[in-house]
Amino acid sequence: MNKLFSTKIRWLLLCLLTPTFLVHAQSLTTVKGTVAAARDGAPLVGVTVAVAGRNIGTQTDARGAFRLQVPDPDGTLVFTYIGYLSRQEPLNGRTGGISVSLEEDERKLEEVVVVGYGQQKRKDVTGAVTSVSGAELNKLPVTRADQMLQGKLPGVQVMNNSGRPGGSVRVNIRGSNSINGSNDPLVVIDGVIGASFQDINPNDIASMDVLKDASATAIYGSRGANGVIMITTRRGKAGKTKVSYNTYTSWQQVANKLDLLNAGEYLQMRHALLDLYKSTGDARAPALESELSTIDPAVNTDWQDEVYQSGQQMSHELSISGGSEKTRFMLSAGYMKQRGIIKRSDFTRASLRLNLDHEINSRLRVGLNLYVVKSGENRASENRAGGSEGGDIIQNATRFDPTLPVYDAEGEYNRMRNAGSQLENPVAQIYERERRYNTTRLVSSLFANYEVARDLNFRTSFSYDYEDNLNKFFTSGKLMEALNTGMAEAATSKYNHWIIENTLTYDKTFSDHRFTVLGGFTAEAEEGYSFDATGRKLTTEVLQYNDLSAASNALISSGHGRNTLASFLGRINYAFKDRYLLTLSGRADGASKFAKNNKWAFFPSAALAWRVSEEEFLRHSGFVNNLKLRVSYGESGSQAISRYQSLARITLGANAYAYGNTELVGASNNAMANPNLTWETTRQLDAGMDLSILKDRISASVDYYQKTTFNLLYSKPVAAYTGYTSIMSNIGKMQNRGWEFEINTRNLTGAFTWSTNLNFSANKNKVLELGDLEEIYLNGSAGALGSGFSRTGVLRIGHEIGEFYGYVFDGIYQNAKEVADLPAPNAQPGTVKFRDVNNDGEITPDDRTIIGSAMPDFTYGFSNDFSYRNFDLSIFFQGSYGNDILNLNLFKLERSGNEENSLRKVLDYWHGEGTSNTIQALDQGTGDMSSRYIEDGSYLRLKNLMLGYTLPAVITTRWGIQQVRIYGSAQNLLTFTKYTGYDPEVNSRSDDSSQQNRNLLWGYDLGSYPATRSYTVGLNVTF
Amino acid sequence: MRNACKYLIVALALLAATACSKFLEERTEDFDFLTPDNFPQTENDAELLLAGTLGKFRSQSYYDRAYYFLAEVSGELVNSTATSGSRYDFDAYTWQPNNEYVVNLWNASYDIIDGANTMIRKVPVAGQLSDEKKRWYVGAGRFIRALAYFNLVRNYGKLPLLTEPVTDPEPAANLARAEINEVYDLIAADLQYASDSLPAAWPGGLPGRPDQDAARALLAQVYLTMAGAPLRDNTKWAAAASYAKMVIDGGRYELLADFGDLWKVANNNNRESIYAIQYYTSGTGVSVMSVQSRPGNVGKESGWNYWTTSKSFMDEFPDTDKRKAATFLTSMDGKDYPAFSAGQPYLGKWIDAGRANFQDNNRRTNLNVPVIRFADVLLIYAEAENEANGPANAYTAINRVRDRAGLPALGGLTQAQFRDSVRKERTHELAFEYNRRYDLIRWQLLDQVMGNDTLSKKSYTPNKALYPIPENELQLNPGLGQNDGY
């Protein structure tokens, strides 16, 4: 946007200058020359070349050449170009061969930052706003735009929930405010609220500005509390049409495999179990003996190898931009396809964007942004540790019997030897199930700017977005769930959203005072409709979900809802002597979601900044070139509930019951009313400092913030004897405090450049109040692991969210005396021993305690960029420190002697005093929720290593090509971690149907799609 | 243009201010749910509530799994195959207040009670129902509430006694528990109302709704339970006998000739079934009772191998007992029971005997679960009549049951001898039918039986005649108080 803004001004100037230039043309000399970038010698296109002190100018062409008629052969030419330092070049009588090179402008003060309902120069910003350019973002080949932010910006925590193609990403700005509502930041694309990262083509992004403090976010009122990410897409510039093509291909592999028992070791464990049964006269011995007698010792199946493959991703992106002074356009088309590392999983996205600007006259400008995206995914099932199929592909590949081949003698999928097992063959789960997700989305925005009077601008926009989802599922009769009959489902949903926004902006400067006043009104509505049809007992499987009339049993359901929001907003920016800056802003929001008495709320904020470097005592300092102190305080909100949640609801259920052989629809109470539901409000204090020294060679920012969210919405547990287990309530208070730090240095400039960015964020979350409760226990086991896991986490006053709760694992009972000294239910030598936390001499549920936290102490990113002549090298590390992971896969994988496979370490099982203090005896359980399953999730990873080469301009210009760059890169090449699962970036409960679970259950691993290591080669061409 | 713009802005602001309140309303025409403001109104509405409430009995939190652990696995006749964890706790008597089945049954029961209370409260004020129909649906609601409280009080003892639907959690937040006899008084009152107001048969002939005989039979069972421990109210023997007799004399029910026919899906809702949880679905079935009850290593007939019985219990049955074959699963897929996963006989009643292809329907079954069947009523009558008046008039009832089993008729017993006989008959006739624990408690035999059972004797204590109040309930309302010993 900064480029765009400046270009507009420049073109405006040029327009004004041109007629004058024509009038004064007389006795002129023609001078010629070229302009190139100092860094790599590449020709610069569109550089404004003007004669100093005269209204004469031109622009460089595609080869960087210019030709200008000057009145004075000894005059001076001024070269200006966006992003570069302008340069004055005396002609000294030269008329040709004038070769000028421009240095890149690293100074950020004149940069334009996109803020809510407007833009500001960086120097005028009073809030905590960080920005990253598209060029920086596009270094990393990613499928989703939010992945590009990982480790790039302080205070912005980005985490890949899953390695699956198109997998979701968690973005948290300054911690989690909300328990029940989304903690996702508000995403605003080109001014349109409520877009999604998932849909945007990363290549379309010109810049992202992240609004973090209340002064910046209050203008978004009830949606600003989680921070706001302003995405600006690229727009056309007047001049020669620019065509660019970017492509890459990458290859992916699973970053590591788990070390499991091979068939021989598995058999060894099973035989040990048989020996145990025989020696104790256990009635199960005959069954086990006959089972083991059928095993072919020659078979050794590595089920991980059977499900994983080498993945591949490719991307093509073509954009065409340009236009005239009155009409400018940017047209882009993108196509991306990723084949996942689990067989038959993939993700495809195709997108088309048109950004159009037109000036009807000098006062009225109109524009259109149109974006259409279509994505499709074949999704592998993940994150289930139990349930009807034992688990999902990822878990089952680690649990399935290694002595069984994939197929039996008849070519059918092998099942577990114990025919009653629910554990599904993971290869069958891959090939006998379809899970296709298709989304088509249209995002459109029509806007007009009208200059009502000098300094007074009216802007109106109408935005509409439409989303159509069609998800199709098919389970063949070879899987247990639909054995012999097959099952198919089609689920479709449609979503409409419109917003009307009207703002009026008044700018005024007189003497030392500079004002910008903004006021506006907006209204919007969202509506969704869903329809689902499930067919069972298919008479033919051939048609899958394409014709559900093949189903002899069908179930249909649908859903609908609508919600509206209306707002008034305003902001005043005031600058005195360019040194003292004040911002006041506020928004009043009314929402249909809330109870009658609480429909409206107002969110105000204020900020002050002092540009110390503009004071006399620093103004002429050669050392400090910018020093700004900022402080802000304000409120923003979160509509943490979904619509209708203040109302009592009775829901229908199909096939709820039967009278004889007649199936019935049933109705039951679903929720109690809460007529007092209201907004979550976050009060935030931010104090920060921006500093640049040594002509911007070193620039740094530091921020401290403290946020308190009150009226926390929570699905508050109520005693189940009421007939309900929870009621949506405003019950609590939560605090997030933290430090953010960022430093950018230009270590070397000139032919060899080296720059470094280091950013660091530490956030501390604290629960302050939970209504009348002291704590709330959480069950993150997804219900598949039994009572021992009915409480895996706790939300406790004075503590942070994401804490794990359970027993402290204290080894294995070694002998009868230890059991007698510390009795526990079912304890005997060889069983799991817990610590007697409350020192009452026995193990009871009261010995459970907090045993870990999924919240990192800090996260960080560290990048170094080098360039030398035509080469560029970028090394980017990113990491997280101090967070724990609950590896629930271990509940199954550390069993000893089980019919399902286990980790190799179970060979070290307890078989007599002193033999093991880590793995229990054969046939004993791994125990209830305990610190046994908690692992350190800290990591440091080489996220991206990229080497690029730009072909010399002398060669490419010969081909009529402005620039050609080729690059190779590697992602996740190195990861340093103690975590023993597939990958420390794991978040299995991220796709839970409950928002509350998604927010509170961090750091769970129930078998999520593993992260990948990938290698990429790419090409960028600009014509 | 400038003026036009000004007017536009002013107009928009005015429009905004006036239109806002309407714009922000939540409109019922957008809802995909019903609201209590105008529901229920019609007979169909009442039917929706009835089916929605009854349907909760058949969930895995209730009759389909959780309740079975509490009622049967905790007895000596059924053992789980687990060697640790929440299922094994019912063998070892090591359950804790967080045991998932202890929690599930509590939660599901009160969910049902809320549905029943809603019917009891709101059907009488529904606008489009006749007074007679109102009595029927209120009667059904009170039958449901009684069944839910009956199963609760036998497991948890003193209970928070909810008789109104909860619309605001605050007043209910600090509820204290009612005494056991108060709970039974409500149950008896509900069932008396139900037996007075429910129709003898619902029009249309569909089975599954509670009717007059269902209420009487259940009331007989409730009185029988009140007569035993812990209440030991001797006056209730006669009451139990009298309600059982009403059902017997009513003549609507009879014993099926072949005991094995009771356990076949084709015979759901047979002439012996007085009230049963309905499990029919046209889709993939809902009940996991069969797959839980089958051994794991019998090829395509395999199930999840949840529980077994024991050879010693099977050996109590003489081979002449015609019930033996249907009660015990001893052979399947060419294997005899010593080669089954657990090396023990399995529970023949629940395996969905005679199923053509067990793998169909995701191994789910449509087999109903009897809440009370005619043989039970005969045995209630026999037991209660003997306790109230001695055996003279009790023989006919017990001998009907024995006759079907192919056992000789009883006669000439003392009251004590008859008591032993009827208890044994009950144990054999109704084996594995969600009752063993409650019979042992009633007969004050729990200490003797479970205190000496191999699996449970180590952790058995007499207080374990009651399960603990779930830990979340106590955390939310400490005033409930925990049962002794937890």
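Quick note: numbers below take in every heavy atom, side chains included, and nothing from hydrogens, waters or symmetry partners.
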Quick one: what part of [X] sits under 4.5 Å from any heavy atom of chain B, side chain, backbone, both or neither?
| X | answer |
| --- | --- |
| Tyr724(A) | side chain |
| Arg649(A) | both |
| Ser421(A) | backbone |
| Ile727(A) | side chain |
| Ser790(A) | side chain |
| Glu775(A) | both |
| Arg417(A) | neither |
| Glu524(A) | backbone |
| Ala648(A) | both |

Residue [X] versus chain A: region with a heavy atom under 4.5 Å:
| X | result |
| --- | --- |
| Pro207(B) | both |
| Asp89(B) | side chain |
| Leu152(B) | neither |
| Ser84(B) | side chain |
| Thr81(B) | backbone |
| Gln292(B) | neither |
| Ser459(B) | neither |
| Ala173(B) | backbone |
| Gln344(B) | side chain |
| Asn357(B) | side chain |
| Ile277(B) | both |
| Asn305(B) | neither |
| Phe57(B) | neither |
| Leu54(B) | both |

In Å and rounded to the nearest 0.5 Å, what is the [atom1] to [atom2] distance from [X] to [Y]?
| X | Y | atom1 | atom2 | value |
| --- | --- | --- | --- | --- |
| Ser668(A) | Leu49(B) | OG | CG | 8.5 Å |
| Leu555(A) | Met487(A) | CG | CE | 10.0 Å |
| Tyr644(A) | Thr28(B) | OH | OG1 | 9.5 Å |
| Ile650(A) | Asp37(B) | CD1 | CG | 8.5 Å |
| Leu476(B) | Leu480(B) | CG | CG | 9.0 Å |

Is the backbone of [Y] close enough, under 3.5 Å, to the side chain of [X] for a donor and an acceptor to pair up by distance?
| X | Y | value |
| --- | --- | --- |
| Asn449(A) | Leu364(A) | no |
| Arg177(B) | Pro160(B) | no |
| Gln278(B) | Ala276(B) | yes |
| Asp168(B) | Glu170(B) | yes |
| Lys335(B) | Asn297(B) | yes |

Highest number of heavy-atom pairs under 4.5 Å with chain A: which of [options]?
| options | value |
| --- | --- |
| Asn268(B), Thr118(B), Ile112(B), Ile113(B) | Thr118(B) |
| Gln359(B), Arg58(B), Gln96(B) | Arg58(B) |
| Pro338(B), Ala342(B), Gly343(B) | Ala342(B) |
| Leu162(B), Asn269(B), Leu50(B) | Leu162(B) |
| Gly85(B), Gly283(B), Gly208(B), Ala339(B) | Gly283(B) |
| Thr53(B), Asn472(B), Asn117(B) | Asn472(B) |

Legend entry - Between Phe521(A) and Phe568(A), ring centroids under 6.0 Å: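 Here the rings of Phe568(A) and Phe521(A) have centres that are less than 6.0 Å from each other.
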Legend entry - Set of salt bridge (charged side-chain N to carboxylate O under 4.0 Å, His left out) partners for Asp30(B), sequence neighbours left out: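 Asp30(B) satisfies salt bridge (charged side-chain N to carboxylate O under 4.0 Å, His left out) with Arg27(B) once adjacent residues are dropped.
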Legend entry - Residues forming a salt bridge (charged side-chain N to carboxylate O under 4.0 Å, His left out) with Asp114(B), sequence neighbours excluded: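 Here no residue qualifies.
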Between [options], which shows the greatest number of heavy-atom pairs under 4.5 Å with chain B?
| options | result |
| --- | --- |
| Asn826(A), Asn418(A), Asn484(A), Asn670(A) | Asn826(A) |
| Glu663(A), Glu291(A), Arg536(A), Gln924(A) | Glu663(A) |
| Pro286(A), Gly590(A), Gly788(A) | Gly590(A) |
| Asn655(A), Leu565(A), Asn563(A) | Leu565(A) |
| Leu664(A), Thr651(A), Val718(A) | Val718(A) |
| Pro845(A), Gly561(A), Gly653(A) | Pro845(A) |

Inset, instruction - Report yes or no: is the cationic atom of Arg294(B) (NZ for Lys, CZ for Arg) closer than 6.0 Å to the six-membered ring centre of Phe358(B), at no more than 45° off its axis? - result: yes
Inset, instruction - Report yes or no: is the cationic atom of Arg87(B) (NZ for Lys, CZ for Arg) under 6.0 Å from the centre of the six-membered ring of Phe69(B), at an angle within 45° of the ring normal? - result: no
Legend entry - Pro717(A) side chain reached by Leu773(A) side chain, heavy atoms, under 4.5 Å: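 Yes, at least one pair of side-chain atoms sits under 4.5 Å.
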Inset, instruction - Please tell me if the side chains of Gln475(B) and Glu774(A) come closer than 4.5 Å, counting only heavy atoms from C-beta onward. - result: no
Legend entry - The single option from Asn361(B), Thr281(B), Asn366(B) passing side chain to side chain contact (heavy atoms under 4.5 Å, CB included) against Val286(B):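 Testing Val286(B) for a side chain to side chain contact (heavy atoms under 4.5 Å, CB included) against Asn361(B), Thr281(B), Asn366(B) leaves exactly one candidate, Thr281(B).
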Legend entry - Pair Glu25(B) + Lys599(A), salt bridge at N-O below 4.0 Å: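 No salt bridge links Glu25(B) with Lys599(A).
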Inset, instruction - Assign the ring pair Tyr529(A) / His560(A) to parallel, tilted or perpendicular, where the plane angle (0 to 90°) is split at 30° and 60°. - result: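 Tyr529(A) vs His560(A) ring planes: tilted.
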